[in-house]
Every structure is written in structure tokens, then in C-alpha cells.
Amino acid sequence: MDAAIPFNKPALMGQEMAYIQEALGGQLHISGDGQYTKKCHTYLEQHLPGVHKALLTTSCTHALEMAALLLDIQPGDEVIIPAFTFVSTINAFVLRGARPVFADVRPDTLNLDETKLEALITPRTRAVVPVHYAGVACEMATIMDIARRHGVAVVEDNAHGLFAKYHGQYLGTFGVLATQSFHETKNFTCGEGGALLVNTATYAERAEIIREKGTNRSRFFRGQVDKYTWVDVGSSYLPSDMLAAFLYAQLEQRDTIQALRAAVWHGYHERLADWAEEHHVQLPTVPAGVEQAYHMYYLLLPSLAVRTKMIAHLKAQGIQSVFHYLPLHLSDMGRQYGGAAGDCPVTESASDRLLRLPFYNTLAAADIDRVAAALHSFTDWH
Ligand SMILES: *Cc1c(COP(=O)(O)O)cnc(C)c1O
């Protein structure tokens, strides 16, 4: 049998090892905020016009926790999130005592359904956290307009969408805050890592303080104060400069990485178009005016039963495919907050039927052929 095709495979894109070696050499600065962390900050600030300050974090989860601290989320505050997302999108706010309010998603993009947003806003709503699923933008014009009219903060969970755009504007630059992930499954990685994008001067200094254990250490290093001390709440959210060195080597290969991933995405899309139509399989939708990030390729199969059989069928041919997410409102935690079956029907349906295909920078055209052929050879559509 041919070699197995994994679902994900992180790839070295060039200078990762050389930069780590360089971080280790020289002045031996391998804790946080060394030269490579600064290079990553500058890269993100320069390549994402509208970002006031970019701060590397140990994960997207931690960047979301920082966002909840910066917004001063209090017990009883409500935070609106799509029911179809990863737990971290809301856990960060629940840690501060927030009550999650689950919004259903659009059937085409699986993004927060902007037409259902306004009805979920109450006097207690403090934030809405849209997720650009698969790196395809949410309907940001509507979401920003509703949030503005109600005085609700927007925090973009942009874990999937780095360098994607909505009507010419980069994702991650709409919300007052936005978060990125550099986990191994994301387009750009350092194993585990993330970033907080601060899009207003208002939060810039406090973000540095929260990230540095509640101290004004960053001001101290800039010579703005002559000693550093405890000034606010905070934690340790900064990654080692060795990880930043790895990440910088990936970021500077942005064009190569995105071109490779675009080829994988279009490779699937072309090979599967007719097949999908014949078998009532929904392929990803990219609305007009949206430039996607090529984060993943997924299928929406006709039923849970077909998906279960399809996973086994692909596995038998050495191809790993995966599903996600389980609807958050139906999780153990979600139910504690009143979530019940039927609350978010589009999420519940998508969650049963979605299948992610192998997707990584180095996935060869021959492997895409193999995955497509395996899908075409499936016959058990009942
Ligand atoms: C991956 C992911 C996260 C969490 O990222 P970490 O860096 O692993 O903490 C959060 N939200 C979404 C939508 C994700 O896909």
C-alpha cells in the first residue's frame, strides 16, 4: 500500500534551525522578548496595516485570556461566540466569570450568523468574538456595525485567518483586539504559540503589563522607568525567543507558504467539484470580496452516517481525515449555561457532517489525487 497520508504535517520552511542557533549564540538571550520576538512583532505590525501593537504569546488561548483581562470582563458579563468553534474562544472569558451566549452559524461559511447577532445582545453583553472559520472572513461590515451601535467590543479569534482579507482589509484588524494561533496545525507555526493584536493605543501599555506578570518591565527595558514593579494583574504570556526564532523563519516565508496552501486548496476544489454536485456534498464557500487564508479544506457530507463510513473508507486507504467541532452549547460546560439541542441547528447539523481532508504545506499533487480518487471510490451513500 502507498504511504499513509496524515491529516497534518508541520514543515520546516527554511531558516528555522539557523535562527534558533543564532538565538542561542550571540548574547544568549533565549527568554522572552529577545531579538526574534521583536522581529515577529515588527513583521506583524508592518504586514497588517491597522494593528497598533502585536505581542507574541504562548498560545492563541493565552492571547484570548489577555483580551478578557484587557476588557475587564466581570462575573455575569455576557460574551457572544459562535457555537461552532474551539473551546478556547470562550473559555478565556468564562475564566473571568463571563456567561457564554451561543450564536448559530451561517450554512455557507459556518461563520457566526450576523443576521442572528443583534437579537442576542442584552444590556450585559460586553463582547462578541467572531471566528473566521477556515480563514474565510465573517460578514464584518454587519458585525462591526451592530457592535458599534450597542457599545460591544469585538475580539476576532483569527486563529485560522492570518493574512486573509475582507473587502481589502486584513482579518485581525477589525476588532479592538484580535488573536492568532501558531499551533502546529495552523498555517504558520512554532509548535505552540500565538499573538495578541492590539488595534487601539488605549490597550497597548496595559497589554504589555498583563503579558509580563503584571509588571511594567517593558517600560523599564525601554528606559521609560528606572525600576520595574508590580502595577496590575497579569500572568506570564510571553514565549521563549527560541520559539520566536522558529516562527520568524515561517513568517518570512509567507508568500511560499500561502502559495503552497492555495495550490492544495484549489487542487481539492477542482478535483471534487463534479463529484460533490453529484452526491450532494457541500464544498467550502468563499463569498465575494473575501480573500481566504487557505487554512483547511472540508466537506459537508449528507449525513452523520455517511461521514462515519467515509472516515473508515479513507482510513482503509491510509488517509487520515478528521471532524470538528462538537457544538459548544451541547458540551458538558455549554449545557451548564443552558445550552440545549435545537438552539443552534446549523451548528448541530454541520458538526455531524463536516469532514476535514489532509491539508499541509507539503501535500503533493499526487497525494491530492489519491485523496480525490479515494473519495470518488466511495459508494455507500445511504
Ligand atoms: C487553534 C485554535 C485556537 C487555540 O489556539 P492555541 O494556540 O492552540 O491556543 C483557538 N481558536 C480557534 C478557532 C482555533 O482553531
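Whatever order the structure lists them in is the order used to number ligands and atoms, beginning at 1. Throughout, numbering of the chain's residues begins at 1 and tracks the sequence. Model, not experiment: these values are computed from the prediction.
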Going by the order shown, which atoms of ligand 1 are within less than 4.0 Å of some heavy atom of G193?
7 (O)

Would you mind telling me if ligand 1 is within reach of the side chain of A159, the backbone, both or neither, using heavy atoms under 4.0 Å?
side chain

Just to be sure I'm reading this right: ignoring hydrogens, which of M296, H160, H324, H62 gets closest to atom 15 (O) of ligand 1? Compare them by their nearest heavy atoms.
H160

When only distance counts, is C60 in polar contact with ligand 1, meaning an N/O pair under 3.5 Å?
yes

Please check if the number of heavy atoms outside F163 that lie under 6.0 Å from its CZ is greater than 12.
yes

Assess whether a salt bridge exists between D367 and K9, defined as any Lys/Arg side-chain N lying under 4.0 Å from an Asp/Glu carboxylate O.
no

If you measure every N or O of S181 against every N or O of ligand 1, does any of those distances drop under 3.5 Å?
yes

Look at the rings of H269 and Y297 and say which category their plane angle falls in: under 30° parallel, 30 to 60° tilted, over 60° perpendicular.
perpendicular

Among all protein heavy atoms, pick the one closest to atom 1 (C) of ligand 1 and tell me residue, atom and distance.
K186 NZ, 1.8 Å

State which residue, out of H295, H132, H183, fulfils the ring pair (Phe, Tyr, Trp, His ring centres under 6.0 Å) condition with H160.
H295

Where's the contact between F84 and ligand 1, heavy-atom distance under 4.0 Å: side chain, backbone, both or neither?
neither

Contact check: H183 vs ligand 1, nitrogen or oxygen atoms, below 3.5 angstrom:
no

